[in-house]
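Report on the following structure.
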Amino acid sequence: MSIMFQVFNNMYQDSVSLMQISAQISKQPGIEQASVVMGTQTNLAQLADAGFGQGVNAGPNDLIIAVMGADVACNDAMALARELLSSKPKDTSTDGVFAPTLVSLDMALERHQGINLALISVPGDYAAAEAMKALKLDMNVMLFSDNVSLAQEIQIKMLARKKNRLVMGPDCGTAIINGMPLGFANVVNPGAIGVVGASGTGVQEVTCRVDHLGAGISQALGTGGHDLHEEIGGISMLYGLQMLAEDPQTEVIVLISKPPARDVAERILEQASACGKSVVVNFLGANPADITRERVFAATSLAHSADLAVALLNGKTSAVASVENISAEQYRDLPVARQDIRGVFAGGTFCFESQLICQQQGFVAASNTPVSGNQTLADLWRSSGHTLIDMGDDDFTRGKPHPMIDPTLRDQRIAAEISDPNTAVLLFDLVLGYGAAAEPATELLEILMKPPRENRPLYVAHVCGTEADPQQRSRQIQALRNAGVLVAECNAQAALWASQIARIQAERKGAK
């Protein structure tokens with residue numbers, strides 16, 4: 001086993017590009033681990049934690065290629081990384097005029113004076129400063145970068161409020177602005193439903209389901225995961241709600257978040273009730289009675305949020321939560337020893353919602369990101385009992401691409417759960433769209449089909465995406481079904497199916 005590094009002085013590329021390059025070289029034969037990152041202190045520490053040691057001499061403006069594996073494989077991977085880094089995007093201009101590279105926000109504004117949104121994807125150590133620059137230039141901000149401190153986020157958002165501008169983030173991974181998908185987002189129909197969400201995959205689930213139901217999205221705004229904390233006060237969600245209330249193209253508004261601080265929730269609900277439009281609110285796990293008020297409608301799941309928004313758009317005031325029971329023909333007997341639900345998720349909010357639903361069905365689970373009442377998993381790398389894992393959490397992505405970009409680590413965890421004789425049902429998601437893997441199911445299918453049907457658990461999944469996505473939702477669903485996967489219509493339905501299977505197994509064990 002060899003470890004190789006190469007440092008490029010004063011060479012910057014954004015984090016999304018580097019994650020994609022990391023994903024490509026990680027897939028090379030003989031490579032155990034690979035990472036292409038900027039040399040910030042945080043990234044250097046993450047490389048050390050990932051087993052690359054402390055021997056990298058690089059500064060924050062330097063780019064690092066780090067690979068671990070067989071000697072020849074490392075040399076080949078380094079060569080591929082250099083090739084990918086040096087490749088230039090194709091020139092799509094048709095006027096024959098050379099356009100110099102933009103190297104600052106000021107330069108961008110000088111050339112395109114109508115610009116009013118900056119998408120920032122730089123190492124977290126520098127993201128706050130770039131966001132402040134953009135705001136001072138009267139631009140709205142989508143801050144894709146994470147590892148921004150709470151104190152910096154407060155400073156950024158206080159300036160945004162003073163400047164009457166929107167800040168999406170930090171760690172805002174999804175938005176759709178004027179029909180343009182940004183970050184991890186899907187291709188959806190334009191329409192009259194606006195969304196503000198503190199969760200990227202939560203926003204994806206809602207916008208995709210609205211599209212499935214034949215309606216469309218006016219705008220989808222992200223806030224970042226910390227916005228509704230008491231210290232921040234929901235500044236971005238409140239401003240996004242105001243923008244959608246004033247937007248003539250938006251008729252119904254949807255708000256999505258994990259449970260906010262109580263005072264923050266009350267402030268948001270008061271503004272929602274007074275905004276003059278119907279507002280669907282899903283604070284995951286909250287009591288609907290605490291949310292419902294004039295013009296504010298409580299949703300019980302991500303899918304129900306979309307169903308209710310479309311119903312309101314069509315003049316109705318209610319919608320049945322679209323969660324059906326698993327049918328008898330979809331169930332087959334399992335050995336009684338198989339008792340556990342094992343969930344492996346790329347989407348953090350899908351993991352959160354699934355924990356809530358399993359808990360409502362009587363199943364307390366362990367997780368690396370447990371909901372209230374669940375347990376923290378003792379060993380991240382080994383499941384025990386009912387276990388639902390968020391593979392997109394920092395625990396698993398330090399120095400590695402997110403599983404939506406590179407599902408390798410997710411697939412390895414799925415293989416481990418399948419081989420565990422205690423697993424009754426394997427529950428997982430497949431997230432499509434821009435930024436996600438081009439063929440997210442390819443390697444996964446080989447893993448799912450490897451054991452004989454009689455020696456494996458039941459597979460339950462849901463696919464978050466649309467027909468217009470590059471990966472095409474129906475094609476991915478059919479591939480999963482061909483491998484014997486029970487594919488639900490939404491994440492909530494998949495979690496309910498998994499719970500029903502586990503209950504049947506528990507009843508069989510008790511009757512034995």
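- To the nearest 0.5 Å, atoms CD1 (I389) and CD1 (I414) are separated by 12.0 Å.
- In this structure, C275 and V279 have side chains that are in contact, with non-hydrogen atoms separated by less than 4.5 Å.
- Between V281 and the options I291, D290, V254, a side chain to side chain contact (heavy atoms under 4.5 Å, CB included) holds for only I291.
- In this structure, Q41 places its CD atom where only 12 or fewer heavy-atom neighbours from other residues, nucleotides or ligands lie under 6.0 Å away.
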**Asked** Please walk me through it: do E231 and K157 pass salt bridge (Lys or Arg N to Asp or Glu O under 4.0 Å)?
**Response** CA-CA 11 Å; E231 298 89 337; K157 291 188 173 179; over 6 Å; no
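- Distance check, rounded to the nearest 0.5 Å: OG of S354 to CG of D429 gives 8.0 Å.
- Residues V460 and L426 have side chains not in contact (no heavy-atom distance under 4.5 Å, counting atoms from C-beta outward).
- Remark: side-chain polar atoms of Q355 are not paired, donor with acceptor, to backbone N or O of S367 under 3.5 angstrom.
- Pairing each heavy atom of A118 with each of L105, the nearest pair is CB-CD2, 4.1 Å.
- In this structure, V463 and L432 have side chains that are in contact, with non-hydrogen atoms separated by less than 4.5 Å.
- Counting only distance, with no hydrogens or angles, the side chain of E130 and the backbone of V122 share no donor-acceptor pair below 3.5 Å.
- The heavy-atom pair separating C464 from N186 by the smallest distance is O-ND2, 4.1 Å.
- In terms of heavy-atom proximity, A502 sits nearest to H386 at CB-CE1, 4.5 Å.
- With contacts defined as side-chain heavy-atom distances shorter than 4.5 Å, the pair Q271/L241 qualifies.
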**Request:** Would you check, one step at a time, whether the test side chain to side chain contact (heavy atoms under 4.5 Å, CB included) holds for M168 with V141?
**Result:** CA-CA 6 Å; M168 297 183 285; V141 172; over 6 Å; no
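- Using a 4.0 Å cut-off between charged nitrogen and carboxylate oxygen, R293 and E266 count as a salt-bridge pair.
- Summarising the geometry of I193 relative to A215, their closest heavy-atom pair is CD1-CB, 4.3 Å, with the distance given to 0.1 Å.
- T201 and Q204 are not linked by any side-chain donor-acceptor pair at a separation below 3.5 angstrom, with hydrogens and angles left out of the test.
- E353 contributes a side-chain N or O that, together with a main-chain N or O of L302, makes up a donor-acceptor pair within less than 3.5 Å.
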**Request:** With salt bridge (Lys or Arg N to Asp or Glu O under 4.0 Å) as the test, would you mind laying out the steps for R475 and E467 before giving the verdict?
**Result:** CA-CA 9 Å; R475 184 165 62 87; E467 282 303 284; over 6 Å; no
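- For the atom pair CD (Q412) and CH2 (W381), the distance works out to 8.5 Å, reported to the nearest 0.5 Å.
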**Message:** Applying side-chain hydrogen bond (donor to acceptor under 3.5 Å, both in side chains) to N178 and Q219, what does each step give before you reach the verdict?
**Reply:** CA-CA 6 Å; N178 298 330; Q219 310 286 344; 2.8 Å; yes
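- Annotation: the span from F428 atom CZ to L480 atom CG amounts to 5.0 Å, rounded to 0.5 Å.
- Taken to the nearest 0.5 Å, the OG1 atom of T223 stands 9.5 Å off from the CG atom of L166.
- D406 contributes a side-chain N or O that, together with a main-chain N or O of T408, makes up a donor-acceptor pair within less than 3.5 Å.
- For F350 and H462, the ring centers sit closer than 6.0 Å to each other.
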**Asked** Where do F297 and T292 land on the side chain to side chain contact (heavy atoms under 4.5 Å, CB included) test, with the steps shown first?
**Response** CA-CA 5 Å; F297 303 82; T292 305; over 6 Å; no
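- Counting only distance, with no hydrogens or angles, the side chain of R342 and the backbone of G385 share a donor-acceptor pair below 3.5 Å.
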**Request:** Quick one: do Y239 and N164 satisfy side-chain hydrogen bond (donor to acceptor under 3.5 Å, both in side chains)? Show the steps, please.
**Result:** CA-CA 8 Å; Y239 191 75; N164 200 29; 3.2 Å; yes
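- No donor-acceptor pair closer than 3.5 Å links the side chain of N282 to the backbone N or O of I256.
- No donor-acceptor distance shorter than 3.5 angstrom exists from the side chain of H112 to the backbone of A108, with no hydrogens or angles considered.
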**Asked** Should M142 and I120 be marked as a side chain to side chain contact (heavy atoms under 4.5 Å, CB included) after you check the CA-CA gap, both sets of side-chain angles, and the distance that decides it?
**Response** CA-CA 6 Å; M142 178 174 175; I120 297 172; over 6 Å; no
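- Ring to ring, W497 and Y459 are not that close: their centroids are 6.0 angstrom or more apart.
- Ring pair H402/F184 is tilted by interplanar angle, where 30° to 60° counts as tilted.
- Ion pairing of D106 with K133 is absent here, as no side-chain N (NZ or NE/NH1/NH2) approaches a carboxylate O to less than 4.0 Å.
- No donor-acceptor pair under 3.5 Å is formed between the side chain of S301 and the backbone N or O of A492.
- No donor-acceptor distance shorter than 3.5 angstrom exists from the side chain of D390 to the backbone of T369, with no hydrogens or angles considered.
- In terms of modelled atom types and a separation under 3.5 Å, the side chain of S273 and the main chain of E270 share no donor-acceptor contact.
- Using a 4.5 Å cut-off on side-chain heavy atoms (C-beta onward), I176 and L182 make no contact.
- Across all their heavy atoms, L135 and L159 have their closest contact at CB-CD2, 3.8 Å.
- With a 6.0 Å radius and a threshold of 12 heavy atoms from other residues, nucleotides or ligands, E443 has its CD atom at or below the threshold.
- Inter-residue side-chain proximity for C490 and R209 is flagged as met; some heavy-atom pair is nearer than 4.5 Å.
- Put simply, the side chain of M391 reaches to within 4.5 Å of the side chain of L409, judged on heavy atoms.
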**Request:** Please assess E246 against Q242 for the test side chain to side chain contact (heavy atoms under 4.5 Å, CB included), listing each intermediate value before the final yes or no.
**Result:** CA-CA 6 Å; E246 296 171 354; Q242 176 187 328; 3.4 Å; yes
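- How far CG of L117 is from CZ of R165: 11.0 Å, rounded to the nearest 0.5 Å.
- Between A220 and I217 the shortest heavy-atom distance is N-CG2, 4.1 Å.
- With a 4.5 Å cut-off on side-chain heavy atoms, I177 and L221 count as touching.
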**Prompt:** Under the salt bridge (Lys or Arg N to Asp or Glu O under 4.0 Å) criterion, do R413 and E417 qualify, and how do the steps go?
**Reply:** CA-CA 6 Å; R413 185 58 175 251; E417 305 296 8; 3.1 Å; yes
